[in-house]
Every structure is written in C-alpha cells, then in structure tokens.
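Input: a single structure, listed below in structure tokens.
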Amino acid sequence: MRAMNRRHFIQASGLLMASSMLPFSVSAAMNSNPNRTLVLVEFNGGNDSLNMVIPFTDQQYYTLRPSLHIPRNEQIPYTSTLALHPSLRPLVDHIDGGDMGTILGLGYPDPNRSHFRSIEIWDTASRSDETLDSGWLAQPRSDQFLADAIVIGRNFAPVSGNQTRTIVMDNADSFYQKSRNIDRVDNQSQNNVMAHLLKTQNDTKQAAELIKARLSLEKSKLPTFGGGVFGQQLREVARLILIGNTAPVIKVSLGSFDTHQGQKGAQAALFTQFAEGMASFHHVLQSAGYWDDVLVMTYSEFGRRVAENGSGGTDHGTAASHFVFGGGVKGGVYGKQPSLSDLSDGDLKFTTDFRQYYQTVQSGFLDDQSVPLYKPLGFL
Amino acid sequence: MTYRLITYLLLAGFSQSVFAVGLSFSETQHLLTRTGFTPSFFEVTAIQGQKKTDAVQAILDSAQHPDGLQADGAFTEITKPLGRSATQSERDMYRQMQRESVLAMQQWWLGQMLTTQTPFAEQLTLFWHNHFVSSIQKVKYPALMYQQNQLYRSQALGNYRQLVHDMAKSPAMILYLDNQTNKKGQPNENFARELFELFTLGEGHYTESDVKAAARAFTGWQLDRNSGAFSFNKRQHDSGLKTLFGQTGNFDGEAVIDLIFTEKPEQVAVHLVSKWWLYFISTEPDVDEVNRLAQIFINADFELRPLMEALLLSPHFWSSNQPLLVKSPVDLVVGTQRIFGLNITDKGLLRQMGGPLEQQLFSPPNVKGWPGGNAWISSTTLLARAQLMGQTTRAIAGMAGASQQPMDSLYSSILAHPLAEWRGLLLPHGGIVAEVDAGTQPFLASDYPNAISALIEDPLYQLK
C-alpha cells in the first residue's frame, strides 16, 4: 500500500458543485507523477455485473434469474452480502484483498440504454442530456511521455481531444517498425479532416521516435498473460510500463459483454480472460516494483436488466459495479448495492454517480490539484 | 471492356444540350470517387464533358441495374447444422468448411468490387451493410450473410420502408440481433432497440416503453435453420395489445415498421439523410440542407433514388475544393487496384483488412458498424495504411518492371498520361509530399512507376 495525501472534503452529497461546471477534460493542467500509470479496462458491450459481484443474500436475485443465477456452491465468498463469479478465482487467489476495490451501483441520472450513447456519456463524463466532445482523460500532459495516452486495441474516446497526443497500437515493436514508412509533415490545415490526418501522422512519428530509443532498453521476456487477445493486450501494457515514461494513461478492452443470449458461457469465458490476465499483470508489476504506481479501473457502458430474458441472457440495463486494482488502492467495497426489489422499469437505480468514481482517480491518482467537482469515494 | 455504367452515360449523352457546360476532369473524378471508387482515366474520360444532371442520372441508373447478383461458390448454399450426435472430427471438418466458405465469400465480394461495371451499387451495398449491420462472427452461416448482401445490392436504391421490412426478415438479421430467441412472454429487446436507434429513428426519438412494446411485436419472427428461410412462429408470437408512439393495437412486427414511417417520418428521413451526408459529402452536415433533402425523401414516399438524386445534385456535394472525407480501407484497397487493373484478393490482403486496417467485409465491429469519418485514421490504422500503399506501389512497380514489352497494358496505360494528369487523378486536391512539376517528365520511362508511387504514398491520397 502507498500512503496517499488525503484531501479534505467538505460536502457529503455526491455532487459538490453545479453540474454546469467545466467537464473533467478541461480542468486545470496536471502534474502527473511520471511513474504512475492509469490502466483503463473497458468491458465492451455492457457487462452484467450482477453476476460478477453477486448480492447473494438477496432472494430476488434467484427469483428474477431462475436459470442465469450463479448457484451458491459456485460463488466465491467476498463479503457478508456479496460473492464473486467463479471465473474470477485468479483475482482472489493472486491479488491481495487490500489491493482490490469494488465500487457498487455506478451509474447516472436518466440512464440511456443505447450502447453507443451510454459509452459516450461514460467516455466524456457528460450528463445524460448533454454531448461533450473530449474524453474525460483528454488533458495534454508532460512532454516527457511519448504520448498522453496509449490505446491497445480500439475506442480511444476517453482519451480523445484536440490537443491530446493519443497513440493507438497493438504492440510497440510493430508500431516502431511500421512507423518507418511515414515521415513528419509540416503542413497545417483548417479543414478538420486534413487536420486530423496530419496531427495523427505527426503524433505517431514523434511517439515512434521516442519509443525506438527505449525499446532497446527493454529486453525482458514476460510470461504469457492467460489466453486470448486480452492477455496479450495486458502483457503489452505491462511492457510499456516497464519501459517507463510511455504514457500516463493506457487503455485496453475486453468483450463483447453484450450477452442478450447464452450469457452463462460467454461471460464466464470473458471473466476467465480478465482474471488470468490481471493476475499475471499484478505478478509482473509487483515483482518489478511498479505495482504501487499502477491503478487499474474497469468500466462499461451500462449493467444489464435484473431479470433474465427468454434467451438465456439479459437485455440492456443501468447501474453496475466495477473493480479497481493497484498497490495504492484501499481495498474493500465502496458505495451501496442497489436494491433488487425497488427497480425502475425492471432496472437498478444507481447509487453512486460514475463521475465520483472518475473524480477519485483524478484527485487521488492523477494528482489533479483543481477543486473536485464530485465527491471522491475514498478508495485511494 | 464494356462498362455498363459507361453505356448509361453514352445513352444519357444523346440528350446533352449543346449549350450545357459539361463536367470538368476534376468534377468527374469527384463524382466517380464519391459514388464508387477512385476512377481510372478511362472511366473519367467516358463521362467528362457530360451535363451534370445526365451524368448523375446515368450513375443512378447503374445502381439500379447492378452486376454481381449471382455468385458461385459453396458460400451461397445453406449448410445444415450438425446434429447433436456429430463426432469431434465431423465438427472440426464442419468448422473448417465454414472458415473456407467465409474466406471465399469475402474474396468474392472484394473481387466483385474490383471488377464491377456498376461501382455505385457496390458502394451502396457497403453502406447498407454498415447501416443494417449483421456480422458473420455471430451469424455463422455464410449463405445467410450472402443473401443479406444480395438484398442490399438489389434494393440499393429501392424504397427505404420496403428495405426495412425485408432487412427485418432477413435470416442473418434474425440471428444477429437475437430475434430467433425473442419469444412470447420472454421478449428479447435487442432487435427492437436497434431498429429504432440505428436503423430508422436515431437515439432520442423513442421511449423505453416503445422498445419493450416493439420487442413483443417481433416475437415469433424466426428462421427455419434447415431451410435457412424466414418463418413466422405463431405459437411464440405475442398477439396482445401494445402501445407504441402513443397508439394502441395488437401490432405485429410489420405494423411496427409501418408505424415508424407514418408516425415519425421526419425523424426517419433526417436520420438517413444525415448518414448519407457523412458517407457521401462531408463530416459536417448542413442542418438546413439536411432538412431540405429530408423533405424530398418524405415527399417521395421514402423512395431512395429521388433522395440520392437530390443529394448528388446538391450544391454541397460539389462545393469543396478540399478533401472532406477519409477513404475507407475498402476505398483504398479497391480504388487503387482498379486504377491499375490489379485484381488482388488473397488471404493476406483480407487478413490485413480485418486486422490493422480495421475493415473486414461481412464483419463490422458491432451493430453500429464501422464508425467511419475521421475515426478511420488513428496512429495504428495510419501506419497500416502506409504499409498497404507501400505494398500496392511495389505490386505496380513489380508488374510494370516485369513487363519488358513496352506495349504491355499496365505499362503503356501508365505511360499514356503525363505525370501532371496522374497527379490530377490521384491527388485532385494537391499533395503534401509528392511534388510533381507540371510538364516535367522523368527522363526514363522506367522511373514512371516510382513517380506514381510517390503520389499514392502521399498522405492526402488517404482522403477524398
């Protein structure tokens, strides 16, 4: 565990200031600790978190999910009222409970059940009735990083902004190899399409030149991180962290969690990839002495309907629970499990605004010195 | 070579007024690139000088008479699913066969785009594939994806309402959005939600209770897995009363689709016009012009041809002397090959399209399709595109170099035009890196491919 500077928070309500305040992405410039890396894990498609963090003492859970509930004897004990999905076993076996936090009932008022609109709300930290252009982590950061953010895979919306140097890659070696085919360009354009192309080309070339110098330093062979693409992605994240000063934010994603049908097997397979990958990630960074400077956080566009549908799956829902991991995390459960009996049109009523979740990370990990807009949750 | 599109253009040419100002080279290049793929000199010169309205009519005609409506191959035929008693080796063989079928189907469509005489029909088929999305990743049966693809090609400029009806019954869609398991008493909302959000109205123009009611209306819409055809399962259909858009009745799926068009025509029209704008005009739709076009669409009872005609004749379509759209990976792969008469559809290229270039045919990333626009370009796709252009120019140089005969078709077609003309064709808005002085020719004919490669490898070749 790493000692954190505790800030004094005055208000008890979730929202500290009027929501017309500036969005996260334009808050004051940050002095990111160069050694820290925030790792975003997007559960793509809307994860059914009721089968991930199970309110096992609530009879409604079994009633509304006659075929889809996780049987008691398969659940992993977690707290007196919550249990975990059996495929998450590697998490509890390998990661100290003090380094794992669970935040319950994350959501936002007037929830949107469209994948695309809801992930946009999460990516930009907007209200349900406003549209923002930049991602919640779009702040430009220090030039000492080779990029402001690196995305392994797809969807760079949370780190996308006009000034942000966002690099998308599969792995650092092929990124550098291929970058030799392009050159810097000096031209500028007012036309948004040309401007985007030229900026991407220059950011890519710059990052590639920087990464080249560091790749030679990194010779260590990492173990495999479980099966599947997710393990490969997380392994690449570990490598980038070990290289050092690559980017303060790195994103990966796992999916699809859009389990309208055949949820049981599909979700279990995804959780296996997640948990095995995370266990290896933890092991590698812990051994190298980097674990205290890493924070992993999961998110998804929404949770899913409490009652199962007729296809062995669940339809789009609202609030969901998420995990954080890292040496600086104060382990435990945060927030309140939404009631399975007091539903809104069949869906959970959120208990914690997802922007409080973000605020906790901004203030407690990314060292954002500006006055918090939302009340942090205390897991850092 | 007989170009069906060109036939239409020549026919249209007879009505050309002697007073009309014809399309210039760059206007022709623009029209053909935006409605099809980067054209060859042959295609441009066949149209250049035509009256704008005639050229547009000819292109619309061509899309309504597409070639490629028949394909040969195992992927066109329904394969019966394996029974529960199948052995492991039977399952392995079946999976192997499916994989080969999928590849053959992708190669067929790519080849169709490379050789078609009706490129606008292919570009529209690709648009519909990305609008009414299904993916082989979930559908699994190639024949069902193929059928859906042919539906989009044959109805590319038909009636939108009818297309929505047909799409909703297409077996690939029934599997892709889980209508197969949407049953009375246990509705599955997947299709109903996307029908409203992505296919017709757009987000914000329907309520959660509309979604729930529509899901019930589509219960029992299934496919017969043995015949691969749509079948209505009456026992699984919820025929009870439903309330949608404030109207109550015992609506079925067909009634729901009709209700969308009668109750919310403006939203339907604006939604499609906006998507067409982003696909054919620019990343920034003009609100007034979108509304004008939407009204034309409504007045035409959702016939697609009058809308497309108005869009292609809109001043906004012709207004810019700058590139306003990013070429899709398909645009790049197909357009570049067509110019030089290449026909590469190998496994490696398809793997590249699905991997780093991020556009695998029959396999869009999710139900919203490829995001398109500026999102085509990220650091990773930019590098993949640079690599692709390098490979393509090496293929061109290799073919040109291998053919020592001066009259070889590729070589002579390259030599037939001064570099300034090549620059006009490949970089109509100018380039960043590639500088070619008009009138300056390479000293040696063998330097020509290199000079042309420089044009294709210019960053602005990625735009259109």
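Every heavy atom of this structure was used, including side-chain atoms; hydrogens, water molecules and symmetry mates were not. We name chains A, B, ... by the order of the sequence lines, and we start the count at 1 in each one.
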Among the options A/L198, A/D203, A/T166, A/T200, pick out the one with the most heavy-atom pairs lying under 4.5 Å from chain B.
-> A/T200
Ion pair present between A/R65 and A/D48, side-chain N to carboxylate O less than 4.0 angstrom?
-> yes
Counting only heavy atoms not in A/N162, do more than 12 sit closer than 6.0 Å to its CG atom?
-> no
Contacting region of A/I167 [heavy-atom separation from chain B under 4.5 Å] | both
Check whether A/D315 gets within reach of chain B through its side chain, its backbone, both or neither, counting any heavy atom under 4.5 Å.
-> side chain
By a 4.5 Å heavy-atom criterion (distance strictly below it), what part of A/N187 contacts chain B: side chain, backbone, both, or neither?
-> side chain
Under 4.5 Å heavy-atom distance to chain B, tell me which part of A/S160 shows up: side chain, backbone, both or neither.
-> neither
Residue B/E197 versus chain A: region with a heavy atom under 4.5 Å = side chain
Is the number of heavy atoms from other residues, nucleotides or ligands within 6.0 Å of CD (A/Q163) greater than 12?
-> no
Using only heavy-atom distances, determine whether the side chains of A/S126 and A/Y108 contain a donor-acceptor pair under 3.5 Å.
-> no
Validation row, ring centre B/H271 to ring centre B/F199 under 6.0 Å | no
Is it true that B/D238 and B/R216 make a salt bridge, defined as a side-chain N closer than 4.0 Å to a carboxylate O?
-> yes
Pairs of heavy atoms under 4.5 Å with chain A: top-ranked of B/M389, B/Q186, B/K368 = B/K368
When heavy-atom pairs shorter than 4.5 Å are enumerated against chain A, which of B/S209, B/P365, B/A375, B/P459 gives the highest number?
-> B/P459
Do A/N47 and A/Q267 meet the criterion of a side-chain donor-acceptor pair at a distance under 3.5 Å?
-> yes
Give me the ring orientation class for B/F218 and B/F191: parallel if the planes are under 30° apart, tilted from 30 to 60°, perpendicular past 60°.
-> perpendicular
With a 4.5 angstrom heavy-atom cut-off, could you sort out which part of B/E194 is near chain A: side chain, backbone, both or neither?
-> side chain
Contacting moiety of B/L177, where chain A heavy atoms sit under 4.5 Å = neither
Determine, for A/F156 and A/K251, whether the Lys NZ or Arg CZ falls below 6.0 Å from the six-membered ring centre while staying within 45 degrees of the axis.
-> no
A/N112 versus chain B, heavy atoms under 4.5 Å apart: side chain, backbone, both or neither?
-> side chain
Let me know if B/E203 has heavy atoms under 4.5 Å from chain A in its side chain, its backbone, both or neither.
-> side chain
Honestly, the part of B/S378 sitting under 4.5 Å from a heavy atom of chain A is both
Where on B/K138 is there a heavy atom nearer than 4.5 Å to chain A: the side chain, the backbone, both, or neither?
-> side chain
Can you find a side-chain donor-acceptor pair between A/Q261 and B/Q180 that sits under 3.5 Å?
-> no
Out of A/T204, A/V193, A/D345, which one racks up the most heavy-atom pairs below 4.5 Å with chain B?
-> A/V193
Determine, for A/R117 against A/E120, whether the closest basic-nitrogen to carboxylate-oxygen distance falls under 4.0 angstrom.
-> yes
When heavy-atom pairs shorter than 4.5 Å are enumerated against chain B, which of A/D170, A/N191, A/D186 gives the highest number?
-> A/N191
Answer yes when B/E208 and B/R193 have at least one side-chain N-carboxylate O distance shorter than 4.0 Å, and no when they do not.
-> yes
Note: vs chain A, highest number of non-hydrogen pairs under 4.5 angstrom among B/K183, B/Q387, B/H429 is B/Q387
Give the member of A/R305, A/R180, A/H115 that has the highest number of heavy-atom pairs under 4.5 Å with chain B.
-> A/R305
Under 4.5 Å, counting heavy-atom pairs only, tell me which of A/V185, A/N181, A/L197, A/V151 racks up the most with chain B.
-> A/L197
How about A/N44 and A/S253: does a side-chain donor come under 3.5 Å of a side-chain acceptor?
-> no
Name the option with the most non-hydrogen atom pairs under 4.5 Å to chain A; the candidates are B/A386, B/P323, B/P356, B/G390.
-> B/P323
Tell me, out of A/G313, A/S114, A/G255, who's got the most heavy-atom pairs with chain B below 4.5 Å.
-> A/S114
B/L463, part contacting chain A, at a heavy-atom distance under 4.5 Å | side chain
Is it the backbone or the side chain of B/P187 that comes under 4.5 Å from a heavy atom of chain A, or both, or neither?
-> backbone
Contacting moiety of A/M169, where chain B heavy atoms sit under 4.5 Å | backbone
Going by distance alone, is a donor N or O of one side chain under 3.5 Å from an acceptor N or O of the other, for B/K275 and B/H131?
-> yes
